[in-house]
Amino acid sequence: MANILIIDDEKSIRKTLTEILTYEGYKVDEAADGMEGFKMFQAKSYDAVLCDIKMPKMDGLEFLEKAREVNGDIPIIMVSGHGNIDTAVDAVKKGAYDYISKPPDLNRLLITLRNAMDKTTLVTETKTLRRKVNKVPEMIGQSSPILKIKETIEKVAPTDARVLITGDNGVGKELVARWLHERSNRAAGPMVEVNCAAIPGELIESELFGHEKGSFTSAVKQRIGKFEQASGGTLFLDEIGDMSLSAQAKVLRALQEGKITRVGGDKEISVDVRVVAATNKDLLQEVENKNFRLDLYHRLSVILIHVPSLNDRRDDVPLLVDSFLDSVCSEYGITRKVADKEAMKALQNHNWTGNIRELRNVVERLVILSGKTITAEDVDDFVVPSRDKRKVSS
């Protein structure tokens, strides 16, 4: 049963609409003015809203703007006896699903309401499908450091607090960032990733903030930067320790003011972005070396999450190996292979300098080169580098 909110200062209109919609099978709540309606809208989930325009305390257009900020997916149909074409156009521009004049044609009202909720259903289904397609991999592990990270994510994700993720290459910093986004109130918005180490210093500002046409030699057209692309969602700045000092200054300003300026432009653009950063460097040491701004460090590190190396969480190796065996064998379309106890023990004792990324590659190699059962001999043949074997033999 769909939930409908009717906001109108005329009691007779509210009662008439409530009777009609209740008869049609809807569940209806009423509000006598925009302020009361907005409080109800914040407190409860509705499938659609019918809202008058001229009301005391908060008029319909103001309610529309505030409601869209809370949840832009719920269709709001404006119903007014004081409107004209300009009012209708203004309402639709501000995000109203439709505009109906009083006294409303009941057939049109019911059809509009059904169409609005059909659209809501399609939006919801699209988001669900998109989330399934872009499903974030599980964070595998039961070791104390991983359990602590999972607990921190649950606490921090629903907030807009900035997070700095530290750890060696290959430990899974990007996965932590993805889970922060997935568990946040911004999960429906975009998560935009920027690898600061992979972008040349002279291009990083254009990448982050965009540029105007003609701002430099190769700027043949306007470009929207990552900050604007991520508005309403999360911006993940990976390897931020490699960002130039000039770009750091602009990022600091964007975090302080919530505004950016494209390269070659003079217009300030407001952005609503949650920034999550990651680095494999000791940023405080980089500050001492004058390679990183201390004020930016403090802006980014509201919450600190350190991801341990695989060598510091060896108890998780069997769980990770089993998971990778599932995924690799599935990708290759072959019968799932298993690792015997001795092989698993050998993998646990291996020195994982490349961390999770190296382990994933090793499992793929073993799947390709080993028999149905992966043995300790397979690990010795295909995992341990020959130079390490020479050291052992000597």
Side-chain angles (χ1 to χ4, degrees), residues 136-157 159 161-184 191-199 204 226 230 234-243 247-248 251 255 274-289 291-294 296-321 323-324 327 347-364:
V136 180
E138 287 296 323
M139 192 175 297
I140 298 167
Q142 292 298 321
S143 61
S144 178
I146 295 303
L147 292 177
K148 185 177 180 180
I149 289 173
K150 290 178 180 179
E151 181 183 351
T152 302
I153 289 174
E154 292 299 324
K155 291 179 180 178
V156 173
T159 73
R162 288 183 287 275
V163 181
L164 178 62
I165 307 166
T166 60
D168 296 335
N169 285 331
V171 293
K173 299 188 292 293
E174 180 184 343
L175 182 58
V176 172
R178 285 187 170 277
W179 272 109
L180 284 166
H181 176 72
E182 186 72 13
R183 290 281 195 271
S184 74
M191 178 175 173
V192 178
E193 302 177 33
V194 181
N195 187 334
C196 302
I199 303 170
I204 187 69
K226 301 298 186 184
T234 302
L235 178 64
F236 176 45
L237 299 177
D238 197 11
E239 303 302 349
I240 196 169
D242 293 285
M243 183 181 289
Q248 289 177 35
V251 169
L255 297 182
R274 181 190 192 175
V275 171
V276 175
T279 182
N280 63 352
K281 293 185 176 182
D282 182 344
L283 288 189
L284 290 176
Q285 184 61 51
E286 292 297 303
V287 169
E288 288 189 20
N289 296 339
N291 294 324
F292 203 83
R293 296 179 62 112
L294 181 61
L296 178 57
Y297 172 81
H298 288 307
R299 284 280 176 181
L300 293 171
S301 60
V302 176
I303 303 293
L304 282 167
I305 296 179
H306 179 71
V307 185
S309 67
L310 189 54
N311 289 336
D312 292 331
R313 46 177 291 216
R314 294 183 186 274
D315 290 346
D316 290 333
V317 169
L319 295 172
L320 289 161
V321 170
S323 175
F324 291 148
S327 60
L347 290 170
Q348 277 186 285
N349 292 331
H350 183 68
N351 180 28
W352 296 104
T353 55
N355 294 291
I356 311 295
R357 189 179 297 132
E358 181 187 3
L359 177 60
R360 172 64 170 73
N361 292 341
V362 161
V363 171
E364 184 171 2

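When reading the values below, keep in mind they use all heavy atoms of this one structure, side chains included, and skip hydrogens, waters and symmetry mates. Index from 1, following the sequence.
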Inset, instruction - Heavy atoms only: give me the nearest Lys173-Gly167 pair and the separation to one decimal. - result: NZ-O, 3.2 Å
Legend entry - 4.5 Å side-chain heavy-atom contact, His298 and Leu294: yes
Legend entry - Contact summary for Arg183 and Ile153, nearest pair of heavy atoms: CG-CG2, 4.3 Å
Inset, instruction - Given side-chain contact (heavy atoms from CB on, under 4.5 Å), test Asn195 with Phe236 step by step and report yes or no. - result: CA-CA 8 Å; Asn195 187 334; Phe236 176 45; over 6 Å; no
Inset, instruction - Locate the shortest heavy-atom distance separating Leu319 from Gly141; write the atom from each residue and the value. - result: CD1-CA, 4.2 Å
Legend entry - CZ-CZ distance between Arg162 and Arg299, expressed to the nearest 0.5 angstrom: 6.0 Å
Inset, instruction - Could you tell me whether the side chain of Val156 reaches within less than 4.5 Å of the side chain of Val163, counting heavy atoms only? - result: yes
Inset, instruction - Check step by step if side-chain contact (heavy atoms from CB on, under 4.5 Å) holds for Leu255 and Leu300. - result: CA-CA 9 Å; Leu255 297 182; Leu300 293 171; 3.9 Å; yes
Legend entry - Pairwise distance CG(Asp282) to CG(Asn289) - rounded to 0.5 angstrom: 9.0 Å
Inset, instruction - Grab the two heavy atoms, one from Met243 and one from Leu237, that are nearest each other, plus how far apart they are. - result: CE-CD1, 4.5 Å
Legend entry - Any donor-acceptor N/O pair, Gln248 side chain to Asn291 backbone, under 3.5 Å: yes
Inset, instruction - May I have the step-by-step check of side chain to side chain donor-acceptor pair (under 3.5 Å) for Asn169 and Asn280, ending in yes or no? - result: CA-CA 6 Å; Asn169 285 331; Asn280 63 352; 2.9 Å; yes
Inset, instruction - Applying side-chain contact (heavy atoms from CB on, under 4.5 Å) between His181 and each of Thr234, Val276, Val192, report the one that passes. - result: Thr234
Inset, instruction - State whether Arg178 and Glu182 are salt-bridged, where the test is any N-O pair (Lys NZ or Arg NE/NH1/NH2 against Asp/Glu carboxylate O) under 4.0 Å. - result: no
Inset, instruction - Starting at CH2 of Trp352, measure out to CG of Leu320 and round the result to the nearest 0.5 Å. - result: 10.0 Å
Legend entry - Leu175 to Pro137 - nearest heavy-atom pair and separation: CD1-O, 3.4 Å
Legend entry - Modelled atom types, side-chain donor and acceptor of Asn311 and Asn351, under 3.5 Å: yes
Legend entry - Enclosure of Lys150 NZ (heavy-atom neighbours >12, cutoff 6.0 Å): yes
Inset, instruction - State which residue, out of Ile356, Val171, Asn355, fulfils the side-chain contact (heavy atoms from CB on, under 4.5 Å) condition with Val307. - result: Val171
Inset, instruction - Locate the shortest heavy-atom distance separating Gly241 from Lys281; write the atom from each residue and the value. - result: O-NZ, 3.8 Å
Legend entry - Residue pair Leu310 / Leu359, side-chain heavy-atom distance below 4.5 Å: yes
Legend entry - Rounded distance (nearest 0.5 Å) linking atom CD1 of Ile146 with atom CG of Asp315: 11.5 Å
Legend entry - Nearest-0.5 Å distance that lies between atom OH in Tyr297 and atom OG1 in Thr279: 10.5 Å
Inset, instruction - Begin from the C-alpha positions of Glu358 and Thr353 and carry the test side-chain contact (heavy atoms from CB on, under 4.5 Å) through to its verdict. - result: CA-CA 8 Å; Glu358 181 187 3; Thr353 55; 3.7 Å; yes
Inset, instruction - May I ask you to test the Leu180-Ile165 pair for a side-chain heavy-atom distance under 4.5 Å? - result: yes
Inset, instruction - Indicate whether any N or O donor in one side chain lies under 3.5 Å from an N or O acceptor in the other, for Asp316 and Ser143. - result: yes
Inset, instruction - Give a yes or no answer on whether the side chain of Ser301 reaches the backbone of Ile303 with a donor-acceptor pair at less than 3.5 Å. - result: no
Inset, instruction - Take Glu138 and Trp179 through the test side-chain contact (heavy atoms from CB on, under 4.5 Å) and record every step on the way to the result. - result: CA-CA 9 Å; Glu138 287 296 323; Trp179 272 109; 4.1 Å; yes
Inset, instruction - Hey, could you give me the CZ/OG distance between Arg313 and Ser144, rounded to the nearest 0.5 Å? - result: 11.5 Å
